[in-house]
Colleague: 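Please find one structure pasted underneath; my questions will follow.
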Amino acid sequence: MIQKPRGTRDMLPDEMEKRREIEARMRGRARLRGFREISTPVFEELELFTIRSGEGIINEMYVFEDKGGRSLSLRPELTAPVLRMFVEEGRSLNKPVKWCYFADCFRYERPQKGRYRQFWQFGAELIGADSAMADAEVIILGYDLLKTAGIRFVLKIGHLSFMRTLLSNLAEEDKKKIRAFLDKREEDAAVSHLKVIGHEELCEPLIRLCGARTLEEVFLVIGEIPESQRIREMFHILDVNQIPYEINPAIARGLDYYTGVVFECFAEGLGAENQILGGGAYRLAHLFGGEDTPSAGFAIGFDRVMVALGDSVWSPDTPQVMVVATSEGRDRALVVTEELRKNGIITEIDLMERSFSAQMKTAGKSADYAVIIGKEEVTSGDVTLKNLKAGTQERLSVDDVVRKLSP
RNA sequence: GCCUGGGUGGGGUAAUGGUUAUCCUAAGGGAUUGUGGUUCCCUCGAUCUGGGUUCGAUUCCCGGUCCAGGCCCCA
């Protein structure tokens with residue numbers, strides 16, 4: 001038997017309906033804030049992804065050569081393609097550009113809980129704005145989407161200026177190392193490294209900064225900085241919007257292209273892969289040949305959201321109808337079936353030449369109502385509507401059935 | 001790339017170095033040609049894969065593969 005490739009999943013209708021529901025809610029919330037959905041190719045020029053992340057990531061991508069000899073890769077993420085699209089198509093659009101996307105990405109990695117080789121991201125990018133409002137808008141949207149999905153999570157916000165200011169006298173290489181340690185929440189290792197390179201005087205401030213949970217504590221450690229006012233303003237906007245967050249100056253994000261605010265969300269009960277959202281303010285457009293454009297965005301690990309939601313039951317509240325007919329009633333049943341469908345009622349009819357009682361049996365398993373059509377109904381021109389859950393039934397005209405079952 | 005534990009019908013399971021591999025459930029048909037969900041009967045359907053040990057392997061050993069979880073990584 002041929003099986004699905006490692007790290008991929010099949011999704012049965014129950015799961016798809018659940019996913020579509022969550023997707024729809026997220027799209028709806030994004031749209032309300034003026035973020036409109038876009039789509040980019042599933043594969044791109046390999047260079048799009050290596051241009052800033054180095055050749056190393058090739059090992060973790062699905063790379064291939066097409067018949068024209070082009071080096072291509074299935075997209076491992078969506079920020080780069082979206083910014084590429086912005087540079088290529090978005091020059092003449094009104095700023096700021098507000099886009100969202102929901103799409104699958106591919107990475108050749110070892111599968112784990114909530115980590116697959118084909119996975120879905122829901123993300124948003126706000127391109128061309130550089131303000132406290134813009135930063136806040138992106139964070140609020142991210143918060144809103146997760147909240148709308150219905151999961152429990154915490155939002156942690158940091159700013160790269162904090163650590164950058166504290167470490168401003170260090171060599172670039174040491175800054176990177178420290179940031180990497182902090183990103184992994186290995187503060188001890190960061191402190192040790194400071195000692196090794198002879199900056200013991202920074203150890204205590206570093207620990208205090210990492211432990212800071214209010215802006216006042218942060219600025220007490222690093223002093224006022226040029227961005228202070230904007231940062232205060234951004235948090236103020238979050239407060240006005242009643243967004244609960246935790247300040248965490250240790251958040252570094254693994255990437256060089258982030259420039260300002262960074263934020264992450266963590267869900268409960270997800271094991272090793274519990275980060276479900278990551279984002280921040282960044283500059284990328286210039287790497288793809290565009291003008292240097294301030295941007296902010298985030299991506300949500302949709303599959304992890306679904307894992308976090310767990311088995312919360314999903315019952316579609318739209319009634320499901322099965323038309324049950326005898327051989328005398330079959331032709332009229334076909335007409336009635338289409339009539340119900342025309343009115344938006346989910347309607348099925350036997351496709352297996354089952355006997356009347358077998359049809360009833362099937363209806364009892366999969367439908368909420370049976371519409372029964374036999375000799376009697378053909379003669380009188382009505383139908384019998386049976387409520388399969390309650391066991392009651394009545395004779396009605398087709399119009400009355402429609403009236404009764406329409407949402 | 002590394003580590004741990006697993007793999008028996010569609011789902012869940014039992015057992016075994018040796019006759020026809022257990023049971024539950026789901027699915028299909030029937031009892032029942034105008035009333036389902038209960039009941040009864042029937043049917044379908046499995047030892048992940050390759051090699052080794054053995055007279056004989058689903059069972060023991062090794063490799064692979066897939067699954068679950070963890071490490072590294074996480075754009």
Side-chain angles (χ1 to χ4, degrees), chain A residues 1-10 12 14 44 46 48-61 73-83 105-117 119 121 123 180 183-184 186 252-258 264 270-280 282 284 287 297-299 301 304 307 322-330 333 350-379 383-395:
Chain A
M1 183 178 58
I2 297 174
Q3 294 174 304
K4 60 185 171 292
R6 182 168 168 74
T8 62
R9 290 156 293 160
D10 295 320
L12 290 166
D14 282 351
E44 296 266 2
L46 172 61
L48 175 65
F49 302 111
T50 55
I51 202 163
R52 68 164 199 280
S53 310
E55 304 289 312
I57 58 163
I58 291 179
N59 292 327
E60 291 171 348
M61 291 196 292
S73 171
L74 297 184
R75 61 188 169 209
E77 47 111 10
L78 280 153
T79 305
V82 170
L83 268 287
C105 302
F106 306 82
R107 294 184 190 176
Y108 192 83
E109 294 183 294
R110 175 93 203 195
Q112 289 178 36
K113 189 183 181 76
R115 180 195 274 192
Y116 306 95
R117 288 184 173 177
F119 60 97
Q121 286 192 337
D183 203 33
K184 285 189 264 184
E186 293 174 0
R253 306 287 298 151
L255 297 169
D256 290 335
Y257 62 78
Y258 284 103
E264 301 176 339
L270 272 181
E273 304 284 333
N274 67 337
Q275 190 187 325
I276 50 173
L277 178 152
Y282 61 89
L284 266 182
L287 288 179
F298 63 85
R304 292 183 190 174
V307 173
M322 182 89 183
V323 174
V324 173
T326 61
S327 49
E328 300 95 328
R330 221 270 318 260
D350 173 56
L351 302 174
M352 293 180 73
E353 301 180 338
R354 286 184 163 111
S355 67
F356 181 87
S357 69
Q359 290 181 48
M360 280 302 293
K361 202 174 199 170
T362 304
K365 286 181 207 168
S366 61
D368 303 301
Y369 293 90
V371 167
I372 297 165
I373 301 173
K375 203 175 186 177
E376 291 176 24
E377 286 84 355
V378 171
T379 306
V383 302
T384 298
L385 177 67
K386 175 156 185 166
N387 181 328
L388 292 163
K389 298 286 180 276
T392 56
Q393 67 182 51
E394 55 190 323
R395 294 285 282 264

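These numbers come from a predicted model, not from an experiment. Quick note: numbers below take in every heavy atom, side chains included, and nothing from hydrogens, waters or symmetry partners. Chain letters run A, B, ... following the sequence lines, proteins first and then strands; every chain starts at 1.
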Colleague: Using the 3.5 Å cut-off, write out each protein N or O paired with an N or O of nucleotides 27-29 of chain B and the distance between them.
Modeller:
residue: B/rG28; atom: OP1; partner: A/Arg354; partner atom: NH2; Å: 2.9

Colleague: Are the side chains of A/Glu60 and A/Pro76 in touch, meaning some heavy atoms are under 4.5 Å apart?
Modeller: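 Side chain of A/Glu60 against side chain of A/Pro76, heavy atoms only: no contact under 4.5 Å found.
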
Colleague: Could you tell me which residues satisfy salt bridge (Lys or Arg N to Asp or Glu O under 4.0 Å) with A/Lys375, sequence neighbours excluded, listed by chain and number?
Modeller: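 By the salt bridge (Lys or Arg N to Asp or Glu O under 4.0 Å) rule, A/Lys375 matches no residue at all.
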
Colleague: Taking only residues two or more places apart in sequence, or in another chain, which ones meet A/Phe298 in a ring-ring contact (aromatic ring centres under 6.0 Å, His included)?
Modeller: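 None.
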
Colleague: Between B/rG34 and A/Glu377, counting only base atoms on the nucleotide and side-chain atoms on the residue, is there a donor-acceptor pair under 3.5 Å?
Modeller: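 Such a pair is found, so the answer is yes.
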
Colleague: Calculate the interatomic distance between A/Ile57 atom CD1 and B/rA75 atom P; express it in whole Å.
Modeller: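 It works out to 11 Å between those atoms.
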
Colleague: Taking the P atom of each, how far is B/rG63 from B/rA27, in whole Å?
Modeller: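 To the nearest whole Å, 42 Å.
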
Colleague: Starting from the 5' end of RNA chain B, give me the residue, A/Lys389 or A/Ile373, whose nearest nucleotide shows up first.
Modeller: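 On the 5' side of the pair lies A/Ile373.
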
Colleague: Could I get the full list of side-chain contact (heavy atoms from CB on, under 4.5 Å) partners for A/Thr392, not counting sequence neighbours?
Modeller: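 A/Thr392 satisfies side-chain contact (heavy atoms from CB on, under 4.5 Å) with A/Asn387, A/Ala390 only.
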
Colleague: In whole Å, what separates the P atom of B/rG51 from that of B/rU47?
Modeller: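 Rounded to whole Å, the distance is 16 Å.
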
Colleague: Please enumerate all residues that pass salt bridge (Lys or Arg N to Asp or Glu O under 4.0 Å) together with A/Arg9, with sequence neighbours excluded.
Modeller: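 Salt bridge (Lys or Arg N to Asp or Glu O under 4.0 Å) list for A/Arg9, sorted by chain: A/Asp303.
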
Colleague: Checking only heavy atoms, does the side chain of A/Lys386 share a donor-acceptor pair with the base of B/rG36 at less than 3.5 Å?
Modeller: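 Answer yes: a donor N or O sits under 3.5 Å from an acceptor.
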
Colleague: Strictly under 3.5 Å: I want the nitrogen or oxygen pairs between protein and nucleotides 67-73 of chain B, one per line.
Modeller:
residue: B/rC67; atom: OP1; partner: A/Gly7; partner atom: N; Å: 3.1
residue: B/rC67; atom: OP2; partner: A/Arg6; partner atom: NH1; Å: 2.6
residue: B/rA68; atom: N6; partner: A/Arg110; partner atom: NH2; Å: 3.4
residue: B/rG69; atom: OP2; partner: A/Lys113; partner atom: N; Å: 3.0
residue: B/rG69; atom: O6; partner: A/Arg110; partner atom: NH2; Å: 3.1
residue: B/rG70; atom: OP1; partner: A/Ala272; partner atom: N; Å: 2.7
residue: B/rC72; atom: N4; partner: A/Gln112; partner atom: NE2; Å: 3.0
residue: B/rC72; atom: N4; partner: A/Arg115; partner atom: NH1; Å: 3.4
residue: B/rC73; atom: OP1; partner: A/Lys184; partner atom: NZ; Å: 3.2
residue: B/rC73; atom: O2; partner: A/Glu109; partner atom: OE2; Å: 3.3
residue: B/rC73; atom: O2; partner: A/Arg115; partner atom: NH1; Å: 3.4
residue: B/rC73; atom: O2; partner: A/Arg115; partner atom: NH2; Å: 3.2
residue: B/rC73; atom: N3; partner: A/Arg115; partner atom: NH2; Å: 2.6

Colleague: Could you measure between the two C1' atoms, the one in B/rU13 and the one in B/rG69, and give it in whole Å?
Modeller: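 Straight-line distance between the two C1' atoms is 23 Å.
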
Colleague: Mind checking A/Gly278 for me? I need base, sugar-phosphate or nothing, with any heavy atom below 4.0 Å counting as a touch.
Modeller: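 Result for A/Gly278 = nothing.
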
Colleague: How would you list, by chain and number, every residue that makes a side-chain contact (heavy atoms from CB on, under 4.5 Å) with A/Ala325, sequence neighbours excluded?
Modeller: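 Counting only residues at least two positions away or on another chain, A/Ala325 forms a side-chain contact (heavy atoms from CB on, under 4.5 Å) with A/Ala333.
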
Colleague: What pairs with A/Ser355 under side-chain contact (heavy atoms from CB on, under 4.5 Å), at least two apart in sequence or on another chain?
Modeller: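 Residues passing side-chain contact (heavy atoms from CB on, under 4.5 Å) with A/Ser355: A/Ser357, A/Ala358.
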
Colleague: Starting at CZ of A/Arg75 and ending at P of B/rA75, how long is that distance when rounded to a whole Å?
Modeller: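 Answer to the nearest Å: 18 Å.
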
Colleague: Can you name the residues that form a salt bridge (Lys or Arg N to Asp or Glu O under 4.0 Å) with A/Glu109, not counting sequence neighbours?
Modeller: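 Partners of A/Glu109 under the salt bridge (Lys or Arg N to Asp or Glu O under 4.0 Å) test: A/Arg115.
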
Colleague: Ion pair present between A/Lys386 and A/Glu394, side-chain N to carboxylate O less than 4.0 angstrom?
Modeller: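 Looking at A/Lys386 and A/Glu394, the cut-off is not met.
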
Colleague: Could you check how far CG of A/Leu12 sits from P of B/rG11, rounded to whole Å?
Modeller: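 Answer to the nearest Å: 11 Å.
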
Colleague: Write down the partner of B/rC44 under the Watson-Crick or G-U wobble criteria, each distance required to be under 3.5 Å.
Modeller: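 Partner of B/rC44: none.
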
Colleague: Whole angstrom is fine here: how far is it from CD1 in A/Ile372 over to C1' in B/rU33?
Modeller: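 Atom CD1 in A/Ile372 sits about 15 Å away from atom C1' in B/rU33.
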
Colleague: Measure from CG on A/Leu385 to C1' on B/rU35 and round the result to the nearest Å.
Modeller: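 Taking CG of A/Leu385 and C1' of B/rU35, I get 13 Å after rounding.
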
Colleague: What interatomic distance, in whole Å, is found between C1' of B/rU20 and the corresponding atom of B/rC60?
Modeller: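 Roughly 25 Å separates the two C1' atoms.
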
Colleague: Any donor-acceptor pair under 3.5 Å joining the side chain of A/Gln359 to the base of B/rU35?
Modeller: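 When only heavy-atom distances are counted, A/Gln359 does not reach the base of B/rU35 through any donor-acceptor pair under 3.5 Å.
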
Colleague: Without decimals, in angstroms, what is the distance between A/Asn387 CG and B/rU35 P?
Modeller: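 Computing the A/Asn387:CG to B/rU35:P distance gives 19 Å.
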
Colleague: To the nearest Å, give me how far apart CG (A/Asp14) and C1' (B/rG10) are.
Modeller: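 In whole Å, B/rG10 C1' lies 15 Å from A/Asp14 CG.
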
Colleague: Tell me the partner of B/rG5, counting only Watson-Crick (N1-N3 plus N6-O4 or O6-N4) or G-U wobble (N1-O2 and O6-N3) with both under 3.5 Å; none if nothing fits.
Modeller: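 B/rG5 is paired, partner B/rC67.
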
